[in-house]
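A quick write-up on the structure given underneath.
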Amino acid sequence: MTIVRRTFLGGAAAAVLTTFTTFTTFTTFATLATFATLAASGVASAAKPLVMGFSQVGAESEWRTANTRSIKDAARQAGVKLKFADAQQKQENQVKAIRSFIAQRVDVIAFSPVVESGWETVLREARNAKIPVILTDRAVNTADKTLYTTFIGSDFVEEGRRAGRWLVAHAAKTPERKLNIVELQGTVGSAPALDRQKGFAEAIAGNAKLKIVRSQTGDFTRAKGKEVMEAFLKAHGKAINVLYAHNDDMAIGAIQAIEEAGLKPGKDIVIISIDGVKGAFEAMIAGKLNVTVECSPLLGPQLMQVARDVVAGKPVPKRIVTEEGVFPAEVAAKEYPNRKY
Ligand code: GZL
């Protein structure tokens, strides 16, 4: 703000100067007032970085590790101040983290809900605190769609359909009359587990050759996938023709169990899985896995851009679906060098 002494100036000059000073003062004041309003409303500004609270499911799989890396790298590149909490696959830890972000008055909350239900209370607390919430990777099952601003992630039902369609096409080329399928499901109650089961069942429905004989959760981990596959082999042994795993980590664990049982994974038991992590490509190149359906964890850059738009009050779509493909073993060696996770 400029203050100029008028004691030594003539009348006309004084009038001009007064006008100029008033204008300058007004402009400066208006700028200061705008800045103060923005700052008071908590909207991030050029000077103050956007602050994001992110609650991650855990570190249960190669996919999750890649997803965390994508989010942290993207935040650093975008100049976003990231408060990151690992929930170790427990919903109560995610609820605690979200409450902590609310107490810290972050600009935006983002999270991947470990399971679909049980979020209304804490999401209402975020809405009452006027902090926007972005869902990434997994969805929540709520009738009140105002509890979150947008959901960025894959279409898990379609991923299940793609796995089923690959098997239907494969079955049409095999001489067996019947193909018995065992299914390693993801975390109980999680969107990917529910939707991948639904999409796969839809795709194979009505096919007399294909029958799911056992389904059990392997919680998306290698260790549990191996343990449950050992139980399947004890109960059904050589009668198992196909394994459908909801993620590559459980499939890789199951491959170990199949080999320890003296069977050839990828040959005695056809294996279909989802994610498209490097470990799956390595298994396909070794002839132990037949196909992986891609589910991209590289959501970081999109999340940071959407978070900026949301905090700036720009409209964003309610649902943002990530583009993905299907990679059978035949293309694994050629595609492997291109893999980013
Ligand atoms: C899918 C993601 C799933 C992956 C698993 O978007 O939520 O969780 O398929 C991960 O590997 O554990």
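Excluded from the calculations below are hydrogen atoms, water molecules and symmetry mates; all remaining heavy atoms, backbone and side chain alike, are included. Small disclaimer: the values here were computed from a predicted structure and weren't measured.
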From CG (Leu123) to CD1 (Ile131), nearest 0.5 Å = 12.0 Å
Salt bridge Lys198-Glu202, side-chain N to carboxylate O under 4.0 Å | no
Does Arg124 come within less than 4.0 Å of Asp144, counting only side-chain N to carboxylate O?
-> no
So, the side chain of Asp248 versus the backbone of Val277: is there a donor-acceptor pair under 3.5 Å, distance only?
-> yes
Does Glu260 pair with Lys226 as a salt bridge, N-O distance under 4.0 Å?
-> yes
Applying the side-chain contact (heavy atoms from CB on, under 4.5 Å) test to Ile240, which of Leu179, Asn180, Val182 qualifies?
-> Val182
Indicate, with yes or no, if the rings of Phe281 and Phe327 have centres closer together than 6.0 Å.
-> yes
To the nearest 0.5 Å, how far apart are CD in Gln256 and CD in Glu230?
-> 9.0 Å
Distance-only, no hydrogens or angles: does the Trp119 side chain make a donor-acceptor pair with backbone N or O of Pro113 under 3.5 Å?
-> no
Anything under 3.5 Å between a donor and an acceptor, one on a side chain of residues 262-269, the other on a protein residue two or more places apart or in another chain? List them.
unit_1, atom_1, unit_2, atom_2, d
Lys267, NZ, Gly287, O, 3.0
Asp268, OD2, Lys264, N, 2.6

Could you walk me through whether Glu120 and Arg127 pass salt bridge (Lys or Arg N to Asp or Glu O under 4.0 Å), step by step?
-> CA-CA 10 Å; Glu120 279 83 357; Arg127 185 176 58 189; over 6 Å; no
Reported CG-to-CZ distance for the pair Asp137 and Phe156, which is rounded to 0.5 angstrom = 5.0 Å
What distance do Ser70 atom OG and Lys340 atom NZ have between them, rounded to the nearest 0.5 Å?
-> 11.0 Å
Would you confirm whether Asn290, through its side chain, and Ile271, through its main-chain N or O, come within 3.5 Å as a donor-acceptor pair?
-> yes
Should the pair Asp73-Arg76 be classified as a salt bridge under the 4.0 Å nitrogen-to-oxygen rule?
-> yes
Thinking salt bridges, do Glu294 and Arg339 make one under a 4.0 Å N-O criterion?
-> yes
Can you tell me if Tyr341 uses its side chain to pair, donor with acceptor, with the backbone of Asp275 under 3.5 Å?
-> yes
Between Asp219 and Thr221, is there a donor-acceptor pair closer than 3.5 Å when you use the side chain of the first and the backbone of the second?
-> no
Does Arg138 use its side chain to pair, donor to acceptor, with the backbone of Val114 at less than 3.5 Å?
-> yes
Please round to the nearest 0.5 Å and tell me the distance separating atom CD1 of Ile181 and atom NE2 of His236.
-> 12.5 Å
Pair Arg222 + Asp249: basic N to acidic O under 4.0 Å = yes
When you measure from the centre of the six-membered ring of Phe151, is the NZ or CZ of Lys318 under 6.0 Å away and within 45° of the axis?
-> no
With a 4.0 Å cut-off, would you call Arg99 and Glu125 a salt bridge?
-> yes
Modelled atom types, side-chain donor and acceptor of Ser55 and Gln94, under 3.5 Å | yes
Given the rule in the side-chain hydrogen bond (donor to acceptor under 3.5 Å, both in side chains) test, do Asn247 and Glu62 qualify, once you have shown the distances and angles that lead to the verdict?
-> CA-CA 10 Å; Asn247 84 326; Glu62 253 186 271; over 6 Å; no
Residue pair Thr217, Gln185: steps toward the side-chain hydrogen bond (donor to acceptor under 3.5 Å, both in side chains) verdict | CA-CA 4 Å; Thr217 183; Gln185 297 189 338; over 6 Å; no
Would you check if the side chain of Ser190 reaches a backbone N or O of Thr187 as a donor-acceptor pair within less than 3.5 Å?
-> yes
Main-chain N/O of Thr142 paired with Lys145 side-chain donor or acceptor, under 3.5 Å | yes
Is Lys224 paired with Glu227 through a side-chain N to carboxylate O contact shorter than 4.0 Å?
-> yes
Where do Ser154 and Thr322 land on the side-chain hydrogen bond (donor to acceptor under 3.5 Å, both in side chains) test, with the steps shown first?
-> CA-CA 5 Å; Ser154 307; Thr322 35; 3.2 Å; yes
Carboxylate-amine/guanidinium contact Glu183 Arg196, below 4.0 Å | no
Answer yes or no: is there a donor N or O on one side and an acceptor on the other, between the side chain of Arg214 and the main chain of Ala231, under 3.5 Å?
-> no
Output the distance between atom CH2 (Trp63) and atom OG1 (Thr65), rounded to the nearest 0.5 Å.
-> 10.5 Å
Answer whether the closest heavy-atom distance between the side chains of Leu243 and Ile272 falls below 4.5 Å.
-> no
